[in-house]
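Following: one structure in structure tokens, then a few remarks.
Bear in mind the structure is a predicted one, so any value in this text is a computation, not a measurement. Naming: A, B, ... by sequence-line order, numbering from 1 per chain.
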Amino acid sequence: MHKLLTDDPGQKMLLLGNEAIARGAIEAGVAFATTYPGTPSSEISLNLFEISQESDLYFEYSTNEKVALEVAAAAANSGLRTFCMMKHVGVNVAADPLMTLAYVGVKGGLVILTADDPFMFSSQNEQDNRYYAKLSGLPMIEPSSVDEAKELIPYAFDLSEKLQEPVLFRTTTRVNHSTGVVTLGKMRPRVTKGGFGKDPFNYVTVPAISRKLHVKLLKNIEKAEELSEKSEYNFTKGDGKWGIICNGVSYNYAADAVTELNLSEKVKILRIGFSHPMPKQKITNFLKGCEKALVIEEGEPYMEEAVRAFAQEAGLTLPIKGKDKELFSQLYEFDPAMVRGKIAKYFGLPYTPPAVVNLSDVPEIPQRPPNLCAGCSHRATFYEIRRAAKELGMPTIHPTDIGCYTLGFMPPLSMGDFLICMGSSVSTSCGFSKATDKKVISFIGDSTFFHSGITGLVNAIYNNHNFTLVILENGITAMTGHQPHPGVDMANFSLSGYGRISIEELVKGLGVKHITLIKPYRVEKSVEAIKEALNYKGVSVIISQEMCTLYAKSLKKLKARPFYVSDKCKNHRDCINEIGCPAFFIEGEKVRIDPVSCVGCMLCAQICPEKAILPVKSEK
Amino acid sequence: MDITRLIIVAVGGQGNLLSSRVLGEAALLSGVPVRMSEIHGMAQRGGVVESAIVFGDAESTIISDGEADLLVGFEPSETLRALNKCNSKTVVITNLSPLPPFTVAIGKGKYPDLNKVQELIRAKTSKLIAFDAVALAKEAGNVLGVNMVLLGALAQTGILPLAVDNIKETISTRTKKAFAEVNLKAFDLGFAAAGIA
């Protein structure tokens, strides 16, 4: 049995934040769950996917976040408790349904989780999705810790059903990827079959109906504000004339600072866990008892703006600060010592920062950036594209996309010139090829292609653009931890009853006239085929097919056959300088291959000018 | 209860996350409050994996620069890189078997001299326990047992608010059954090595 299905209320379990959230969904009786995976949210859905295989929970990996939310909207409006989770930038993709779903509302509870990523540990931006609550008018819940995250999920579902509106649930990486002790609660039984009551004059959002629905939404926001005022998750701790208003993990750092600075009789903290609508009266009353106030929040001054507005309305003139050159930045994540230092500074307390050891005489340590795995097929494809373009004398631009292969932008491969969001490789290729004279060769993974690359390719065919799109088909969503996608053989997951879409047929169906399939581990053959595709005027597509090495390993489909560098090596070092596989290392000025890392992809063996790289067994 | 802050740094694939998991479970078993954090995702592709574990009465799950009581490094250059987490009272444990980053192979940087690494850490912190954990893992029967060797060394310092028996019990119940015996042997070898290092 899955550990998150343990039916033992009161039992304490050590859980990752994302496991705690999945458990919260189980305790809330969630019957229907949809997602597109994205760090730092991915383990929530991974657990629900596993649980769905041994229970009547319906779970799907949807094609993208917009699809996930639309599927969820229908389930929730059929009365089912529905959970839809994504990373913060996924909400941008789902923003279209989100804004109008707020007008329409829901019947069964719908919680939409947005996993924000301050510091961008694994994201392209650090946008603050609290503004989506304000923009859509939907309630927002924000936990500070792992155990609270579990507790707040059922609360959010109750809230959603009370208001008949979706509820946004915002986490940050330090909640998702922290681990803590959680006390299991009761599991509410799942209701897995619903009914849809036809009511087109409330469900079909033509202008005349939406005008009415917007009125309803505003009334719901008022109701939500009353609930936010009364919510036990907007609580005050401590007492004193100095006030701190904080949310999320900032609360942890502030609470620890108050203890460490011995301020429990001088400072009171207002922790905001129900952050939209902000509890105006509660905040105003809090400020009335303060001589000065400090707002501590990662990201944008979302709370600070509200707090200042409430103070102005109540005629309060106490100093209020938050985002400030001397205090808190909108950049990156906070940490305990930084918050402690700023609290001391703002309230004028003596403070000695932690005595970090003197690092001035520590030599520069070589960087250890993330790299494509040893034997990753993307490396072979990138090498072959580079060589083919070079041999044809083509100056190139390489729009790239979001996945492991983004790492191909690093030297020595240097295959990646422009990236803004999922799917942008294809559409930006349209722009670059029209606006410049360079040959545009772009890269997109299979999962990302399904997510949002297809519409760009339709555009390219329709508007008669001229570029080569390389679809890296490795048969899995690799970067986020090997989730399936519409092109995956679900037999690999021992699951049946799924469809499977062939990228080749799909691309053919879209009207692409030049399609090339390559097996990237066959270097010479691939380079020749790529050259032909690059010479084609119009849209050509290269589909590079080879299973993700890590995934193949996990399926036991990969029999590693390591190679070694024999005495024939004359130290040209093409292997290191051209492909940079992490299995190489230098020993006494000679290139060596780590037999544990090497999987035997044979890319280096094929490009070595001396043919000096040989399979290990031939050594005997 | 008093707060003990531990940082573990490793290279992706060295089993850092399992060792923090063992310590977290051992804390739960011992009734010691524990909070941990780690970074997943892109950083794991051959990059550095850092775990922070906070024992005792704190709300925070991360550890600021200069505030670690203990630093455990699975790889010597990574131990040195994490020195910003230390202060003069920090106790540092490091494996001495290097895994040079790929950047060294392509000529972008020079791997630091191991004696120099130890000399620097020893001069700046209260204590350095350094030994070849890979050799001990091999001796125990599994080269991947470096994490268990270092857990043994960590337990030997007596700084963690955890009973050694609770850590060992967690290793036998929470690591794969086939490896439990080898893991416990690795733990004991690390424990003994830290006593004489």
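Scanning all heavy atoms of the two residues, the minimum distance from B:Val54 to B:Ile62 falls at CG2-O, 4.3 Å. Considering all non-hydrogen atoms of both residues, A:Ile244 and A:Ala254 come closest at CG2-CB, 4.3 Å. When all heavy atoms of A:Ala257 and A:Ile343 are compared, the pair lying nearest together is CB-CD1, 3.8 Å.
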Going by atom type alone, with no hydrogens or angles, which donor-acceptor pairs under 3.5 Å involve a side-chain atom of residues 94-103 of chain B and a protein atom two or more places apart or on another chain?
{"residue": "B:Thr94", "atom": "OG1", "partner": "B:Thr79", "partner atom": "OG1", "Å": "2.7"}
{"residue": "B:Asn95", "atom": "OD1", "partner": "B:Ser97", "partner atom": "N", "Å": "3.0"}
{"residue": "B:Asn95", "atom": "OD1", "partner": "B:Ala133", "partner atom": "N", "Å": "2.9"}
{"residue": "B:Asn95", "atom": "ND2", "partner": "B:Phe74", "partner atom": "O", "Å": "2.9"}
{"residue": "B:Thr103", "atom": "OG1", "partner": "A:Gln367", "partner atom": "O", "Å": "2.6"}

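Contact of B:Arg5 with chain A is made through the side chain alone, with heavy-atom distances under 4.5 Å. Heavy-atom distances place the backbone of A:Phe334, and not its side chain, under 4.5 Å from chain B. For A:Asp594, no part lies under 4.5 angstrom from a heavy atom of chain B. Within the 4.5 angstrom heavy-atom criterion, atoms from both the backbone and the side chain of B:Leu80 approach chain A. Interface residue A:Tyr253: backbone and side-chain heavy atoms are both found under 4.5 Å from chain B. Interface residue A:Val362: backbone and side-chain heavy atoms are both found under 4.5 Å from chain B. For a residue to count as touching a neighbouring chain, one of its non-hydrogen atoms must lie under 4.5 Å from one of that chain's; by this rule A:Cys581 touches chain B with the backbone only. For B:Lys110, the part lying near chain A is the backbone, with the side chain staying farther off; criterion is any non-hydrogen pair under 4.5 Å. Looking at A:Thr173, the atoms closer than 4.5 Å to chain B (heavy atoms on both sides) all sit in the side chain, from C-beta outward.
Between the side chains of A:Asp401 and A:Thr448, no donor-acceptor pair is found at a separation under 3.5 Å.
In terms of heavy-atom pairs under 4.5 Å with chain A, the best-connected choice from B:Ser77, B:Cys86, B:Gly109 is B:Cys86. Note: B:Ser60 leads B:Ser60, B:Gly66, B:Ala52 in heavy-atom pairs under 4.5 Å with chain A. Among the candidates B:Val104, B:Val11, B:Thr125, the residue making the largest number of heavy-atom pairs closer than 4.5 Å to chain A is B:Val11.
Remark: of the listed residues A:Asp116, A:Asn176, A:Thr172, A:Asn176 is the sole one forming a side-chain contact (heavy atoms from CB on, under 4.5 Å) with A:Pro40.
Ring pair A:Phe235/A:Tyr251: centre-to-centre distance below 6.0 Å.
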